[in-house]
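Quick note on labels: first sequence line is chain A, next is B, and so on, each numbered from 1.
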Amino acid sequence: MPYHEFDCSTCIPERKKHAVVKGPGETLADALPAGYLNTVPGSISERGCAYCGAKHVIGTPMKDVIHISHGPVGCTYDTWQTKRYISDNDNFQLKYTFATDMKEKHVIFGAEKLLKQNILEAFKAFPDIKRMSLYQTCASALIGDDINAIAQEVMDELPDVDIFVCNSPGFRGPSQSGGHHTICIAWFNDKVGTVEPEITSDYVINYVGEYNIQGDQEVMQDYFKRMGIQVLSTFTGNGSYDDLRAMHRAHLNVLECARSSEYLCNELRVKYGIPRLDIDGFGFEPLADSLRKVGLFFGIQDRAEEIIQAETARWKPELDWYKERLKGKKVCLWPGGSKLWHWARVIQDEMGVEVVSVYTKFGHQGDMEKGISRAGEGALAIDDPNELESLEAMYKLKPDCIFTGKRPGEFAKKIRVPYLNAHAYHNGPWKGFEGWVRFARDIYNAIYSPIHQLAMLDISNDEIPTDKGFVTRRILSDANLSDEIRNADNLRQYTGKFDIIPDLRNKTAEDFPYLRQDKLEKAI
Amino acid sequence: MACNVTERQRAGVINPIFTCQPAGAQFASIGIKDCIGIVHGGQGCVMFVRLIFSQHFKESFELASSSVHEEGAVFGALKRVEEAVDVLLMRYPHVKVIPIITTCSTEIIGDDIDGLINKLNDELLQEKYPDREIHLVPIHSPSFVGSMISGYDSAVKDIVKYFATKSEPNGKLNVFTGWVNPGDVTALKHILKEMDIDATVLFEIEEFDSPLMPSGQHVSHGTTTIDDLKSTANASASIALNRYEGGKAAQFLESKYGIPVTIGPTPIGIRNTDNFLQNLKQITGKPIPRSLVKERGIAIDTLTDLTHMFLAEKKVAIYGNPDLVIGLAQFCIDLEMKPSLLLLGDDNPNYGEDPRIKELKEKVDWEMDIITNADLFELEDRIKNKGLELDLILGHSKGRFTAIDNKIPMVRVGFPTYDRAGMFRHPVVGYAGAIWLAEQMANALFTDMEYKGEREWSLNVW
Amino acid sequence: MEDLMKERIEQLIDYIMKHCLWQFHSRTWDRERQNREILTKTKQILCQESVEPADRLDRCHWVDAVVLAEAYRKNYPWINKLDTSEIAVLMKGVHERLDYLTITGSLNLELTDQHY
């Protein structure tokens, strides 16, 4: 029976259908964890709320927009700077956040006037910004403020501004995922098709479900530009509001995080006939296949091959250096929604680690289908995990490293399991060829940390090895390697820079020979 | 040249200084031993607060959610609390205290948690957990009132009110520390020990800085016990160091149990620490020992090396918790600095009556603005658009971009200070705090001098 | 023969499950279309028939099929030795198996939700 019952959860038997161990010869038809159900109250779940899914995950990465939350300050404060979605607009979206500061009197008498005042004040404070997103919170939803009406009033008064309204209060749905859905459908219904873009290429895509964490989007956009493709819009990392209003003009939707935005791609397919191509930007082989597919779609696959060859030649020797030293290390792949399936197989194939568990905080059954398919036999798959279950799993599985959020990483640390931040990364970006090597390097540094070694010593009980001196990471990692591999001169450690984004941002026309020369100003 | 107190003119907040009340209630609850709070509202209300705590302390804290979903928001969600209490008690056998913390959503829909707690005490706890000591403490903390500061203040009072039980006098002093760091608690306990004062420190949060041990699991918890809380009713006196954080609880003990209360001062800087010691002496009759004279002397010595050479005339902006801001302003003045802008981040109507603010208005002879109900845009706007010149910023990490973009050195103080390592481990109170603060400020200014090439050679011979 | 066919189908299914995402759209009707279009085209490519995508949407199916066919040829050399009728039978088996695993036998309760 592949359903897994946690000792700490036998008293809440409804949890049993949320965890599955992938057994030998078993298929998805045999067992699949339940997904996207109501959270068990008091379980100390990892989940957040629908406001977060809408405003923080998808809304705020838009870089040229004033993002105002209609409610008391807490929601706004909490989602300000707490995710690493950067932009090339001087990080305006990280630096500034806006709340209408609802107070008790507004709860009683309504806050629509307050909202309107806020909107006008915000535009006045930032006169160069003409775009705004308004987010409902639990408070403003419950008092029934008509945010859409107020937004329309302002747009009528100020014809050069455009305002997007997202009605996704925290309680809408069991987790963040409800918010993703709300904002995708709202953007599709209200904003797509309201701007006609300038087309600068014969090959036009929307890049969907990518939030530019630590520069991921900029890495991928660079590949597309090198192929001569116009990335009409990115939903929403490093993305621009008006570009996203023009999504209907793309030839292809390239989709990464299906969990957060497949809704939008599906609607775009039905209404505008734009196909949906699901890709993986993580890992050499999946990324190569992804670039090939995009290339094939436009008949420019030779350009994809150029990039794949050049990047692979440059970075594979470094990836393989880490792979040799990470082989057999056990990891728990514990992210929010999509990374469990983006990473489950390829991290094993290309970095040699063994994924002993996957989980999803707010994913649906579809994410589990993908994740379990790609994970190896014996992997423990958990839906909507809570703290005690996570601890029990770690004690049982004894992973060498865990990829999860910042806070759960802190209690993993306490039981001597080093963690890497699966949501916001350690030293990313982790997408792309170079990015994947950076990820491998982070894993290597986490596992072979001499401090981590020292953490295992109990100075009151164990013998202290005073005669040994220090160890380097290499001494630790190379201990069981053959001489041949240890000294292989075709492999080397990471040789990239501390910050790889500025070089991408400083590229010029010469770097993109396939972009149309007559459209360069817009295209760069 | 004068000190003006004005209120933020804009209706809305751009870059908030504080988060909302439930965060304060949650901060109070993690200071108690065997306590896991249930935040009654959307999951974000607890998930994000746990995140900011983990950013500040680099630790994870246990807090639960009642996970209100759409149905609960429409039809009422008390059943979710009932289930949350049951689930928590089943799975965490050591838990004795469960604060039930409300949020804006559950206050708006009118969930009666007090009524529910009575019901649970009579039914669930009797039937299913008859042999366990369990305390369900109602804490009302809607986000549309006050801020995390008032949330903390109310929660401390609600907790003390729930537990305080009159019995034999214990001869102790209740010390309500306010929203401080573990480093502050260490410094305060040191002073109390030097003065041979037996105190109940609320809350005991030194253990927040918890170790990574070679075996087992050592998660961060506070260590204030139920007995500590009960015995607050039997103290000989209370002192609340921060008027706005803990004052309510101290005043409650006075009105209900006649325990004399002293409010303040926030012991930041030499003068305020002197006053604190004087208060302690007056309240307890214990003398101020030579050891503290020596510690004070080391602090004065340290400061003397810094003040007229480097710190004099430096214009500083300060934002964060109100008692912290005022205390820091007073200290900066002692150090010959010129606090030019103070930002008090919520709409507490009592700031105008605060005698410390009145004192600033009376005595300051340079241009100083105190903004109430402020946000961080008030700081940035003045720098970018209104010609405010600053040499230093004292505040928490959420304001970091203002400092970075305008190239103004900033010393992280208050909550949260996640973009610098280990700030929570150091005090800002007491003589030790005076030394730490002054040296942090000086070193920040020195680094800035070096990066800007302004008199950096002067440090060759300091 | 039966067992060999079954084993080969499993290998090809395993490749799809480990490397592809196109079979996991969120609704039954989408999965039916994806499986049908992409596997039909894969079979056509493996049989060296010419494939004319009808429109943009169809071209996207074709793209996934091209990459899949290449992967099959590279990773399962036995496929290169099959004649077209054997490939047809094989791919029909793959299609049926995939439909079972992703649609008719799937435990994903969201597949039948009427809205996106």
Whether B:Gln43 side chain and A:Gly48 backbone form a donor-acceptor pair below 3.5 Å: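 Checked: pair present.
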Heavy-atom donor-acceptor pair, B:Asn15 side chain to A:Lys95 backbone, under 3.5 Å: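 Here the side-chain-to-backbone pair exists.
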Among the listed options [options], the residue most often paired with chain B at heavy-atom distances under 4.5 Å:
options	value
A:Gly409, A:Gly74, A:Pro174, A:Gly173	A:Pro174
A:Met102, A:Glu104, A:Arg416	A:Arg416
A:Leu388, A:Val107, A:Thr100	A:Leu388
A:Ser43, A:Ala122, A:Gly170	A:Ser43
A:Asn386, A:Ile459, A:Asn461, A:Ile119	A:Asn386

What part of [X] gets within 4.5 angstrom of chain A, counting heavy atoms only: side chain, backbone, both, or neither?
X	result
B:Lys79	neither
B:Ser65	backbone
B:Ile98	neither
B:Thr402	neither

Restricting to non-hydrogen atoms, name the atom on [X] and the atom on [Y] that form the minimum distance, rounded to 0.1 Å.
X	Y	value
B:Cys104	A:Ala139	SG-CB, 3.9 Å
A:Val73	B:Phe18	CG2-O, 3.7 Å
A:Tyr77	B:Pro416	OH-CD, 3.2 Å
B:Ser66	A:Pro41	O-CB, 3.5 Å
B:Ala73	A:Leu142	O-CD2, 3.9 Å
B:Pro16	A:Trp80	O-CZ3, 3.3 Å

Intermediate values then yes/no, side-chain hydrogen bond (donor to acceptor under 3.5 Å, both in side chains), B:Tyr418 and A:Gln81: CA-CA 11 Å; B:Tyr418 49 78; A:Gln81 301 177 30; 3.3 Å; yes
Evaluation steps, side-chain contact (heavy atoms from CB on, under 4.5 Å), between A:Thr97 and B:Ile14: CA-CA 6 Å; A:Thr97 195; B:Ile14 303 176; over 6 Å; no
From B:Leu212 atom CG to A:Lys414 atom NZ, the distance as rounded to the nearest 0.5 Å: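 B:Leu212 atom CG to A:Lys414 atom NZ measures 6.0 Å (nearest 0.5 Å).
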B:Arg8/A:Asp101 ion pair, N-O < 4.0 Å: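 A:Asp101 and B:Arg8: salt-bridged.
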Salt-bridge criterion met for A:Glu121 and B:Arg10 (N-O under 4.0 Å): no
Would you mind checking which part of [X] comes under 4.5 Å of any heavy atom in chain B, side chain (CB onward), backbone (N, CA, C, O), both or neither?
X	value
A:Tyr51	neither
A:His56	side chain
A:Leu391	side chain
A:Thr39	both

Interface residues of residues 86-96 of chain B facing chain A - heavy atom cut-off under 4.5 Å: B:Val87, B:Leu88, B:Met90, B:Arg91, B:Tyr92
Check residues 44-57 of chain B and write down every donor-acceptor pair under 3.5 Å in which the side-chain atom is one partner and the other belongs to a residue at least two apart or another chain.
{"unit_1": "B:Arg50", "atom_1": "NE", "unit_2": "B:Phe61", "atom_2": "O", "d": "2.8"}
{"unit_1": "B:Arg50", "atom_1": "NH2", "unit_2": "A:Glu387", "atom_2": "OE1", "d": "2.5"}
{"unit_1": "B:Arg50", "atom_1": "NH2", "unit_2": "B:Phe61", "atom_2": "O", "d": "3.1"}
{"unit_1": "B:Ser54", "atom_1": "OG", "unit_2": "B:Leu51", "atom_2": "O", "d": "2.8"}
{"unit_1": "B:His56", "atom_1": "ND1", "unit_2": "B:Thr417", "atom_2": "N", "d": "2.9"}
{"unit_1": "B:His56", "atom_1": "ND1", "unit_2": "B:Thr417", "atom_2": "OG1", "d": "3.4"}
{"unit_1": "B:His56", "atom_1": "NE2", "unit_2": "B:Asn181", "atom_2": "OD1", "d": "2.8"}

Verdict with supporting geometry, B:Val145 and A:Lys103, side-chain contact (heavy atoms from CB on, under 4.5 Å): CA-CA 6 Å; B:Val145 170; A:Lys103 293 293 186 189; over 6 Å; no
Parallel, tilted or perpendicular: ring planes of A:Phe126 versus B:Phe377, cut at 30 and 60 degrees: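 The rings of A:Phe126 and B:Phe377 sit tilted, inter-plane angle from 30° to 60°.
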